[in-house]
Amino acid sequence: GMTAADRAAREMVLSRRSPVLMAFFEALSYAGQKPILITIAAVAAWFISRSKTLVVLVLVCGFSSQEMVSGLKDVFARIRPPTGMVERESLSFPSGHQSGTTAVMTLLGFASLRHRWKPVAVIAAGAVLVVITALSRMFLDMHWLSDVIGGTLVGGAMGFAFAILYELLSIRVRSRRPPSASP
């Protein structure tokens with residue numbers, strides 16, 4: 001069920017609604033849909049690493065986090081807030097938008113560190129995107145605070161799992177390369 005923190009966060013966020021913020025968060029919510037988010041993340045993965053492996057892992061990570069969320073929603077069977085942006089028949093806990101965003105941004109952040117491709121910028125942009133996504137889900141009254149926290153935890157776990165998988169695959173590829181000749 002809903003917690004006192006969920007109620008307090010909802011009241012605070014709903015009291016700050018404005019047409020401009022609603023339009024911004026609605027656009028962000030559209031961009032955060034699985035096919036759009038994962039496509040953008042896959043393109044970013046290519047720029048970070050030029051690695052087909054990372055691109056595939058970002059795609060699989062994004063889709064896997066969504067599937068994990070679907071299963072968890074069935075387990076928890078939590079109802080969405082009553083006045084959401086659109087009437088939804090799907091359940092609330094955890095937030096799929098939040099999970100997917102956190103998962104792919106965690107993996108991209110790891111890859112940017114590993115490849116030394118603007119890690120500060122990638123990680124900062126990822127953190128901002130994760131926070132703004134969380135706010136959008138509550139601002140549009142589509143999720144409770146605990147839903148976005150749960151989505152962040154699920155997404156973070158998925159992103160770290162895929163980062164570990166990426167590292168293991170990278171080690172395997174490096175170990176298969178012939179040693180370079182020393183001058």
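Keep in mind the model is a prediction, meaning the values are calculated, not measured. Along the sequence shown, residues are numbered consecutively beginning with 1.
- Within the 4.5 Å cutoff, the side chain of R17 has heavy atoms near those of the M22 side chain.
- No chain of hydrophobic side-chain contacts below 4.5 Å, direct or via other Ile, Leu, Val, Met, Phe, Trp or Tyr residues, connects V130 to V120.
- To the nearest 0.5 Å, atoms CD1 (I40) and CD1 (I36) are separated by 7.0 Å.
- Annotation for W46: hydrophobic cluster partners, listed by chain and number, are I38, V55, L59, F63 (ILVMFWY side-chain heavy atoms under 4.5 Å, direct or chained).
- No continuous path of hydrophobic side-chain contacts links F160 to L165 [ILVMFWY only; heavy atoms under 4.5 Å].
- Between I123 and M105, every side-chain heavy-atom pair lies at or beyond the 4.5 Å cut-off.
- Residues L140 and S29 share a closest heavy-atom pair of CD1-CB, 3.7 Å.
- Taking OG of S65 as the reference point, atom CZ of F162 lies at 8.5 Å (rounded to 0.5 Å).
- Under the 4.5 Å side-chain heavy-atom criterion for grouping Ile, Leu, Val, Met, Phe, Trp and Tyr, V122 is not connected to L113 through any hydrophobic cluster.
- In this structure, CG on L37 lies 8.5 Å from NE2 on H97, to the nearest 0.5 angstrom.
- L91 is not connected to V69 by any chain of hydrophobic side-chain contacts under 4.5 Å among Ile, Leu, Val, Met, Phe, Trp and Tyr, and they are in different clusters.
- In this structure, CG on L57 lies 8.0 Å from OH on Y166, to the nearest 0.5 angstrom.
- Here the side chains of L107 and L54 are in contact, with some heavy-atom distance below 4.5 Å.
- The structure places CZ of F47 at 10.5 Å from NZ of K118, a figure rounded to the nearest 0.5 Å.
- Between the side chains of Q98 and T152, at least one donor-acceptor pair of N or O atoms lies under 3.5 Å.
- Smallest separation of non-hydrogen atoms from P35 and T39: O-OG1, 2.6 Å.
- Listed by first then second residue, pairs satisfying salt bridge (Lys or Arg N to Asp or Glu O under 4.0 Å) with a partner in residues 48-59 number zero, not counting sequence neighbours.
- Residues F24 and S136 are not in side-chain contact: their nearest non-hydrogen atoms beyond the backbone lie 4.5 Å or more apart.
- Heavy atoms only, all atoms of each residue included: S146 and D6 are closest at N-OD1, 2.7 Å.
- When the side chains of ILVMFWY residues are joined at heavy-atom separations under 4.5 Å, either directly or via intervening members, I79 and L72 end up in two distinct hydrophobic clusters.
- In terms of heavy atoms, L145 sits closest to M138 at CA-SD, 3.5 Å.
- Looking at T133 and V148, their side chains never come closer than 4.5 Å, going by heavy atoms from C-beta outward.
- Nearest approach of L108 to A44, heavy atoms of both residues: CD1-CB, 4.1 Å.
- Counting only heavy atoms from C-beta outward, the side chains of P81 and M142 never approach each other to under 4.5 Å.
- With a 4.5 Å cut-off on side-chain heavy atoms, D141 and R10 count as touching.
- We find the NE2-CG distance between H143 and L135 to be 13.5 Å, quoted to the nearest 0.5 Å.
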Working for side-chain contact (heavy atoms from CB on, under 4.5 Å), residues S92 and K73: CA-CA 7 Å; S92 190; K73 284 181 188 258; 5.5 Å; no
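- Classification of the F76-F93 ring pair by plane angle, with boundaries at 30° and 60°, yields perpendicular.
- Using cut-offs of 30° and 60° for the angle between ring planes, the F139 and F25 rings count as tilted.
- The shortest heavy-atom contact between G155 and T102 is C-CG2, 3.8 Å.
- Note on residues 143-163: pairs passing salt bridge (Lys or Arg N to Asp or Glu O under 4.0 Å), not counting sequence neighbours, are R78-D147.
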